[in-house]
Amino acid sequence: MRHASQQSNPRDVAGSADVEDFDVPAGSSAAGEPEITYRHIFDAVDQGILIQNAQGFIVSANPAACRILALSESEVRALRRELASGWRLVDERGADLAFDELPGMRALSTGRSVDGVVFGLYLPHLHMYRWISSSSVPLLRAGEARPHLVISTFSDITQLKRQSDLFEMTQRLAEIGGWELDDMRNALYWTSQVYRLHDMKPGSPITESQALDHYGKEERELLRAALHKARTMGEGFELELPTSGALERVRWVRIVGQPLLRHDQVYGVAGTVQDITARKLAEQKLQRMVRSDRVTGLPNHETVMEALERALANADSSGAHPALLYIDLDRFHLINATAGHEVGDRLLIEAAERICRCAAGTRSMVGRFIGDEFVVLLRDAASDENVAALAESIVAAFRKPFVHEQEEFTVTASVGIVSYPRAGTNVRQLVNHAHAAMAEAKRRGRNRSQPFAPELSVALVERTRIERQLRRALDNHELRLAYQPVFALSDGHITGAEALLRWRNRNLGEIMPSRFIAHAENSGEIVRIGAWVVAQACRQWRAWRDAGHALDHIAVNVSFRQLLSGTLLQAVRAAIEEHALPPETLELELTERALIEDAPDAHEIFAALKRMGVRLLIDDFGEGYSSLNYLRRLPLDGLKISHAFVQGIPDVPADCAICEAIVRLADSLQLDVIAEGVETEAQRAFFARHHATSMQGHLLAHPLDEDAMRHFLAANATRH
Ligand code: C2E
Ligand code: CA
């Protein structure tokens, strides 16, 4: 209607009207207008129409105007005064609006049309604001500068305004903004809320790539991918991302996007952005407040640490004696690796139950640290014996196998014990020392408990130092091999040599294997070092061979860790090939630990090594813990009797009996027997008498450096 009045010529409308007392003509015009008169239209339209004279007084109002203003026509005519004398007027944003700013008054004063002004008018008789959208057109007579009439049309947009205000408000409250990427126009539109969320002035120009710059690299990629998918595959998305806003504070937003479709063609993407920072922060707080472990439901690391802190503080005032048990399940990772995490989780739950049962009745907290590590915090241990007994009961509780779907899993536990204040005066110290004691329990063969001792703390420091230096040992050429000759017991000729690792470090000096091998195993460095040893020993054998000393065997010690790492086969094959070694020349010495570690594919590795042709020996035989079963099952070539038993010969009857039994056992299984650490003639004679295969030890030769070994071989060659 507003358009209609603009399109038709308003001058004509008013052409026949009286200036001072305007009224719309009631009958048909002289020009032969149709039956419908302006008056009919004036009365019928649902838009309010007011006509003002040159002084601004309202001279005519149609019924719609009266209805919108809830006034009679005469009241409307009197409105000019009322409005001027203080009815409240506000502009679109709620700020006071002067009477002269009304579109009708502006059209009157400027002589120009005023289009679509929104204002609020307080209607005192209704006690409410009514929102009006109004346009005004001035009517000028030919030759006059000032209009003699102004026609204003207006409509009630209260309802609309309320809805859009509500919409605005909800958006503001929910901190939601809208955005639209219009690919046809290659433009990005943001609502003011989106600008605010990105710390930008509303209305500033923005492009897609500038918008993406408000996010970190990873988030940018996620957004890009989501937009791409929306455009190419028509898929909507929902992302929760942190912005890297201009104000450098953490702000999280939830971005929802939907493709814009026209005739099944995507022409853009649109959606919302919502500030979810408050929710995210609350979630994070909640996370911190969540105090228990997801799998077992036990108090988690943080909770236990806080409880320990409180227990120590309390101990000082009450004289209580807190203690801590650090429990680690032995070889639990193998369960995870072989049976899967689901079984692993179930086992952890049962492990938690077993520990809780043991600790029941004590003033304690059982918690799970990480992985397969549990702790028991005893708030007041009556005595060291009590703590040790509890630790032992936990170790015992794990000796019973776990059963899952008719399969049995044995997972033993190693437990470290500390008590306050002897083993540490603060939380960190106590936990570190409990861990060190647990590690010591593992070193001593697992499946046991171990109280902390001050030496362990020293050991802890040394361990870190050694591990740090060891990492560089290979690259710094600090490692070398010594060779200890092995002799046939039948005639004393040299049958081979065992390669023994030597390490000289600038800071630590000369360090023997007993001090560093375990650390190299712990840190995993032994895998790299071990491969080097194999290669170096093979190279040396080749050098002797080329110098005319063809030893039957060169023996190399192999750590259980090398076996577990899965790289042993490759290392051995490479060394044999590179130095053209007859495979049966190479002997690998494995401790029984390699057999009981239960590496899932240890048996296949043994078989593969055997197929390759290398010889397999069990080192330190008799010291181990496992059954003799593997002697039958594994493709072995020989046993080296532990130095520990050899030492007892000939005076310790038990050692004599054991050595004799081992030789006999090996004989019946057709395995070679090598006696190591032979220091006396009596020991040599003992093994010769019992027909052991060969011997090695200080009696005939110490481990020799490369040079010394060359001389030794040369001297022996001339002697034989
Ligand atoms: P092992 O395999 O039992 O090696 C024999 C150890 O006994 C050597 O100590 C050797 O020097 C020592 N020995 C030889 N004859 C006698 C003797 O008559 N009396 C006494 N008391 N000892 C004797 P070493 O060289 O200190 O090596 C200690 C252990 O370190 C070795 O024990 C072996 O388990 C490990 N080891 C050495 N080199 C390597 C290596 O390259 N890789 C791995 N994984 N372990 C190694
Ligand atoms: Ca050995």
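Numbers here simply count residues along the sequence, with the first being 1. Treat the numbers as computed from the prediction; the structure is a model and nothing was measured.
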W190 vs H198 side-chain heavy atoms within contact, under 4.5 Å: yes
Side-chain contact, heavy-atom cut-off 4.5 Å: E75 with H125? no
Would a distance-only check, ignoring hydrogens and angles, find a side-chain to backbone donor-acceptor pair under 3.5 Å from S152 to S136? no
Under 3.5 Å donor-acceptor, N62 side chain and G48 backbone: no
If only atom types and distance count, is the side chain of D183 paired as donor or acceptor with the main-chain N or O of N186 below 3.5 Å? no
With side chain to side chain contact (heavy atoms under 4.5 Å, CB included) as the test, pick out the partner of E240 among I276, V253, L222. I276
Checking R310 side chain against A313 main chain: does a donor-acceptor pair fall under 3.5 Å? no
Show every donor-acceptor pair shorter than 3.5 Å between a side-chain atom in residues 261-268 and any protein atom, with sequence neighbours excluded, or say none if there are none.
none

Could you tell me whether the side chain of L212 reaches within less than 4.5 Å of the side chain of L223, counting heavy atoms only? yes
Where the side chain of R130 meets the backbone of I68, is there a donor-acceptor pair that is under 3.5 Å apart? yes
Any sub-3.5 Å donor-acceptor pair from E101's side-chain atoms to L97's backbone N or O? no
Report the C-alpha separation of R471 and E467 in whole Å, then their side-chain angles, then the decisive distance to 0.1 Å, and conclude whether the salt bridge (Lys or Arg N to Asp or Glu O under 4.0 Å) test is met. CA-CA 6 Å; R471 272 196 292 276; E467 280 183 9; 5.2 Å; no
Between L108, V137, L139, L140, which is the residue that forms a side chain to side chain contact (heavy atoms under 4.5 Å, CB included) with L149? L139
Check: W252 and T243 side chains under 4.5 Å, non-hydrogen atoms: no
Are N432 and Y326 linked by a side-chain donor-acceptor pair shorter than 3.5 Å? no
Salt-bridge present (R67, D156; N to O < 4.0 Å): no
Hey, does the side chain of T153 reach the backbone of I49 with a donor-acceptor pair shorter than 3.5 angstrom? no
With a 4.5 Å cut-off on side-chain heavy atoms, are M305 and E309 touching? no
